[in-house]
Amino acid sequence: MVFRSNMSLALEQAREAAARGEVPVGAVVVAADGTVVSMAGNRTRELNDPTAHAELLAIRDACALLGVERLTDHDLYVTLEPCPMCAGAIVNARIRRLYYGAQDSKSGGVAHGARVFSHPQCHHVPEVYDGVSASEAEQLLVDFFAAKRGTGS
């Protein structure tokens, strides 16, 4: 099977989140055969739920749709390095591969901060591919926060 990135779908979810006033993060769960199972963007403000991160919403939707609690043969594409909470959910869902775009030196939980997958008590570690469409994902975040501050980009 030829690799096909689904980051463009995650980026679209991030753009939709930004349009709703949410931090522009998008996530997509993809089955081993390349079928897109679920997609989501951040909805923390809309749902008044601090756990409504794009990754958690996409994982929850995929599990509900498939009637399973684990996504062992599924991949997750996300526009921003997952935070520790989302990294923990990725572990618990047994995601096969994680592809992410922008690094998050402030709140990341994979390559920065808690480094959840590197912890000795981590019972599942997905394959991790970072920097996928990173510049586009980073620019969405820069533009979003610049607009919030009223400084433009």
Side-chain angles (χ1 to χ4, degrees), residues 4-31 34-66 68-71 74-117 122 124-153:
R4 180 184 179 283
S5 175
N6 287 281
M7 190 60 78
S8 62
L9 296 173
L11 287 163
E12 183 55 38
Q13 291 297 311
R15 285 185 207 94
E16 290 177 15
R20 293 190 303 271
E22 302 278 356
V23 174
V25 178
V28 179
V29 174
V30 180
T35 302
V36 173
V37 178
S38 65
M39 298 185 290
N42 276 355
R43 292 185 179 277
T44 59
R45 289 182 175 99
E46 175 186 346
L47 299 176
N48 297 312
D49 179 356
T51 70
H53 290 198
E55 302 96 316
L56 289 182
L57 295 173
I59 289 169
R60 286 176 189 156
D61 287 349
C63 288
L65 178 69
L66 299 171
V68 298
E69 66 179 281
R70 295 190 175 150
L71 300 167
H74 290 74
D75 301 337
L76 177 67
Y77 291 82
V78 62
T79 58
L80 181 65
E81 175 183 349
C83 72
M85 175 182 67
C86 292
I90 290 165
V91 168
N92 288 322
R94 308 295 200 278
I95 295 290
R96 178 178 64 169
R97 293 185 191 110
L98 167 65
Y99 300 90
Y100 71 86
Q103 292 187 2
D104 189 349
S105 59
K106 180 180 174 190
S107 301
V110 176
H112 299 88
R115 292 184 174 96
V116 171
F117 304 147
C122 183
H124 169 77
V125 178
E127 292 177 36
V128 177
Y129 301 90
D130 64 350
V132 181
S133 301
S135 60
E136 191 172 352
E138 289 166 5
Q139 195 61 53
L140 282 172
L141 291 159
V142 167
D143 292 347
F144 177 80
F145 288 112
K148 289 284 185 200
R149 289 188 304 273
T151 61
S153 57

inquiry  = Using every non-hydrogen atom in the two residues, find where Tyr77 and Ala10 come nearest and quote the distance to one decimal.
reply    = O-CB, 4.0 Å

key: Minimum-distance pair of heavy atoms, taken over all atoms of Cys122 and Phe117   = SG-CA, 3.9 Å

request  = Please check if the side chain of Asp104 supplies one atom and the backbone of Leu80 the other of a donor-acceptor pair under 3.5 Å.
outcome  = no

inquiry  = Assess the residue pair Leu76 and Ile90 against the criterion (side-chain contact (heavy atoms from CB on, under 4.5 Å)); give the C-alpha distance rounded to whole Å, side-chain angles, the decisive distance to 0.1 Å, and a yes or no.
reply    = CA-CA 8 Å; Leu76 177 67; Ile90 290 165; 3.6 Å; yes

remark   = On a heavy-atom basis, the closest approach of Ala102 and Glu138 is CB-CG, 3.4 Å

task = Hey, could you give me the CE/CG distance between Met39 and Asn6, rounded to the nearest 0.5 Å?
result = 9.5 Å

ask   = Atom CD in Glu136, atom CG in Leu11: separation rounded to 0.5 Å?
value = 4.5 Å

ask   = So do Glu22 and Thr44 actually touch side chain to side chain, heavy atoms under 4.5 Å?
value = yes

task = Verify side-chain contact (heavy atoms from CB on, under 4.5 Å) between Glu55 and Ile95, making sure each step is shown before the conclusion.
result = CA-CA 11 Å; Glu55 302 96 316; Ile95 295 290; over 6 Å; no

note = In terms of heavy-atom contacts, Pro24 and Leu140 come closest through CG-O, 3.7 Å

Closest non-hydrogen atom pair between Pro126 and Leu98, with its separation = CB-N, 4.3 Å

task = Tell me, with the steps shown, if Met85 and Thr51 meet side-chain contact (heavy atoms from CB on, under 4.5 Å).
result = CA-CA 8 Å; Met85 175 182 67; Thr51 70; 3.9 Å; yes

message = Keeping Thr79 on the side-chain end and Gly26 on the backbone end, is there a donor-acceptor pair under 3.5 Å?
response = yes

remark   = Between Val29 and Ala58, the two heavy atoms sitting closest are CG2-O, 3.7 Å

inquiry  = Please report the interatomic distance NE2(His124) to CZ(Arg70), rounded to the nearest 0.5 Å.
reply    = 10.0 Å

Steps toward side-chain contact (heavy atoms from CB on, under 4.5 Å) verdict (Asp75, Tyr99) = CA-CA 8 Å; Asp75 301 337; Tyr99 300 90; 4.0 Å; yes

query = Between Arg94 (side chain) and Asn92 (backbone), is there a donor-acceptor pair under 3.5 Å?
reply = yes

ask   = In chain order, what residues pass the side chain to side chain contact (heavy atoms under 4.5 Å, CB included) check against Ala114, with sequence neighbours excluded?
value = Pro84, Val116

query = With side chains defined as the heavy atoms from C-beta onward, is the minimum distance between Val23 and Arg45 less than 4.5 Å?
reply = yes

query = Quick one: does Asn42's side chain have a donor or acceptor within less than 3.5 Å of a partner on Ala54's backbone?
reply = yes

task = Flag the pair Arg96 / Leu71 as yes when at least one side-chain heavy-atom distance between them is below 4.5 Å, and no otherwise.
result = no

message = Taking His112's backbone N and O only, do any of them form a donor-acceptor pair with Glu81's side chain (distance below 3.5 Å, no angle check)?
response = yes

ask   = Within a strict 4.5 Å, meaning less than it, do heavy atoms of the His53 and Val78 side chains meet?
value = no

